Enquirer: 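Please read through the structure below; I'll follow up with questions.
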Amino acid sequence: MRFCRRGGEFNGPISARLGDTDGHGTCGFGLPLTSGTPPSPDPASTAPEPGWTDLGPADPAEEATITLVLRPRPDTSPPAPEDIGLVVPRLRAHLSRGQLVDVRGAHPDDVASLRDWSSAMGVELVSIAADRRTALIKGRLRRLGELFDVDLRRCSGSGGEFRSSRGFASVPSALTDQVVAVLGLDTLPVARPHFRPLPLPQPVGELAQAAPLSYLPNHLAALYGFPAGTSGAGECVGLIELGGGYRAADVATYFGGLGLPAPELVAIAVAGGANHPTGAQDGPDGEVMLDIEVVGAMAPGVRLAVYFAPNTDQGFLAAINAALHDESNRPSVISISWGGPEAKWPKATMTAFDQAFQDAALLGVSVCVAAGDNGSADGLQDGQAHVDFPSSSPHVLACGGTRLTSKAGVIEAEVTWNDGSQGGATGGGVSAVFARPGWQAKAHVPPSADAGHKAGRGVPDVAGNADPETGYQVLVDGQRAVFGGTSAVAPLWAALLVRCAQALGHSPGFLNPILYQQLELEGVTRDITKGNNGAYRAGPGWDPCTGWGSPHGTKLRTGLQG
């Protein structure tokens, strides 16, 4: 079920409820759950949210193309992503894309069932991507609503008109075993970018004068000890963007001001998305430019592939899959700075995303995800603690935020980012959706701060500078600014990982298992022991504010080589 959101905050379920667990350690299809149990049931609200206008039923004659996400084939036993994460630094045991489709792709029988069903039901099967386990189905809204038992409507708000749905989508009985999730029945925004501009007086002069405590990204890389003699050359970082765009002139101006070459940059349109700058610095352009400028300045030899997709559940997953299966650019690291409160994602969508992240782990692709900028409540006003998704997936490196100050090129102090009265603070806490993975068993992840104090996957895994007061000097839409937020931390870690990959001669891949079970003993991070994000406090070792802490780049490279 999907309803509109108001004022940039999420106020209702955002997709179909599908794929319940069978209670026996599987996701309902006989597949091992390497990351724990799927999400709890979706909220059962059917009333439109305040602040949005219901424009009535959707045009029944309008055609739409939706995505059916298929299960991984049930007749194979690929290695668990956790196991691959532990052996990769020594054996480089990643799967090739060809091997991945053989063990994780859509099963031919499932594809045949879908073909038979679509033909019988009078909808068009546009395409099937067995490697991505997705199928595109096209039909008129009246027929799609009937097949998936939803009432499709139009609504307006948040600067546009969208299609929404009343009621939970139901998978037809003929496809119950094969289909994990149905995406695209509605077109509402599903995620927000996790960056925070620092208000500055205008005009601002040189970048170095933008704010007294702010940093150029390459200077932060030096403070964090990124490994010398590396630039990320020969590597590619994939950036997931759900709106906005960049201008080549801005990119050239920014990197020229740093005395660095502009990065090799390619824009990739996904599912109708495009590189389309809006001209609004505090809109999605800000996220796009922050990602490009942070990675490009911290890893000046890297290639950047920017995947532009619509801000819908369908577009978001399509962008992730496009990056994972891009044979031309082959990103070894993917950076995602978009997300929303875990409680607002339906279980089927989260399962589909997490299965894609498991694919990434098996391919040896690291996925860095911002943990959110609204503290332990993650922007919700229900008095509960929440973590952000997709950073709560156990198969991504969740990136929290700190406040870093330095003097004479040396870190002077670093604490948990929490602006207090200004409202910004690092996301973090305990997942209500994903069970605590085995590699977190000895990290002393506390129980949830909510009533019942359940155990779950701890977020984040690592951290980095995110306070706007000590933020990143950027150039967006021709204007100089300082941005903070965990949106900057995901590309920071992506830049570090590609520089390590260059030194290693291969991608670090799925970092979490070895980080928690081996690398943390080698001091590859700076432990952040002060501060809080609301419900949780920082302390020695791992904590639900900054994870293991901020990077010590040279030690990380050495640890991965060891």
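Bear in mind the structure is a predicted one, so any value in this text is a computation, not a measurement.
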Enquirer: Answer whether the closest heavy-atom distance between the side chains of L290 and S337 falls below 4.5 Å.
Expert: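 Result no, sub-4.5 Å side-chain heavy-atom pair not found.
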Enquirer: Do R557 and F226 have side chains that approach each other closer than 4.5 Å (heavy atoms only, starting at C-beta)?
Expert: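 Of all side-chain heavy-atom pairs linking F226 with R557, none is under 4.5 Å.
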Enquirer: In a check of side chain to side chain contact (heavy atoms under 4.5 Å, CB included) between L183 and each of T312, T349, T134, L68, which one passes?
Expert: T349
Enquirer: Return yes if a side-chain donor-acceptor contact under 3.5 Å exists between T470 and N465, otherwise no.
Expert: yes
Enquirer: Regarding Q314 and T67, do their side chains bring together a donor and an acceptor under 3.5 Å, going by distance alone?
Expert: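 There is such a pair (donor and acceptor under 3.5 Å, judged by atom type) between the side chains of Q314 and T67.
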Enquirer: Can you find a pair of side-chain heavy atoms, one from H94 and one from L363, that are under 4.5 Å apart?
Expert: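 In short, these two side chains do not touch, never coming nearer than 4.5 Å.
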Enquirer: Decide yes or no for W345 and V190: does some side-chain heavy atom of the first lie under 4.5 Å from some side-chain heavy atom of the second?
Expert: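 SC-SC contact between W345 and V190 confirmed.
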Enquirer: I would like to know whether R403 and D419 meet salt bridge (charged side-chain N to carboxylate O under 4.0 Å, His left out); could you show each step before the answer?
Expert: CA-CA 9 Å; R403 174 185 173 90; D419 287 341; 5.5 Å; no
Enquirer: Is it true that the side chains of N374 and R196 contain a donor and an acceptor less than 3.5 Å apart?
Expert: yes
Enquirer: In plain terms, say whether E161 and R154 are close enough for a salt bridge, that is, a side-chain N and a carboxylate O under 4.0 Å apart.
Expert: yes
Enquirer: Kindly indicate whether the side chain of F357, heavy atoms from C-beta on, has any atom under 4.5 Å from the side chain of P390.
Expert: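 Heavy-atom side-chain distance check passes, below 4.5 Å.
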Enquirer: Just how far is it from atom CG of D467 to atom OG1 of T426, taken to the nearest 0.5 Å?
Expert: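 Answer rounded to 0.5 Å: 10.5 Å.
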Enquirer: Strictly under 6.0 Å, is that where the ring centroids of F195 and F483 end up?
Expert: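 Yes - the distance between ring centres of F195 and F483 falls below the 6.0 Å cut-off.
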Enquirer: Classify the ring geometry of H395 against F510: parallel below 30°, tilted from 30° to 60°, perpendicular beyond 60°.
Expert: tilted
Enquirer: Taking only Lys NZ, Arg NE, NH1 and NH2, and the carboxylate oxygens of Asp or Glu, determine whether R153 and D54 approach each other closer than 4.0 Å.
Expert: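 Judged by the 4.0 Å cut-off on N to carboxylate O distance, R153 and D54 do form a salt bridge.
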Enquirer: Please round to the nearest 0.5 Å and tell me the distance separating atom CG of L397 and atom SG of C368.
Expert: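 One gets 5.0 Å once the value is rounded to the nearest 0.5 Å.
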Enquirer: Does the side chain of R133 come within less than 4.5 Å of D359's, by heavy atoms?
Expert: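 They are in side-chain contact.
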Enquirer: Is there side-chain contact between F316 and I336, with at least one heavy-atom pair below 4.5 Å?
Expert: yes
Enquirer: Checking R330 side chain against C236 main chain: does a donor-acceptor pair fall under 3.5 Å?
Expert: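 Here the side-chain-to-backbone pair does not exist.
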Enquirer: Is it the case that atom NE2 in H276 sees more than 12 heavy atoms from other parts of the structure closer than 6.0 Å?
Expert: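 Atom NE2 in H276 is not crowded, with 12 or fewer foreign heavy atoms closer than 6.0 Å.
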Enquirer: Is the shortest distance from a Lys or Arg side-chain nitrogen in E62 or R163 to a carboxylate oxygen in the other one below 4.0 Å?
Expert: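 Counted as a salt bridge, because a side-chain N and a carboxylate O are separated by less than 4.0 Å.
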Enquirer: Are any non-hydrogen side-chain atoms of H194 and W338 less than 4.5 angstrom apart?
Expert: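 No; the side chains remain at least 4.5 Å from each other.
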Enquirer: Nearest 0.5 Å please: distance from the CG atom of D285 over to the CG atom of D477.
Expert: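 Going from CG on D285 over to CG on D477, the span is 4.0 Å.
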Enquirer: Under the side chain to side chain donor-acceptor pair (under 3.5 Å) test against Y224, which residue among H219, R526, E414 passes?
Expert: E414
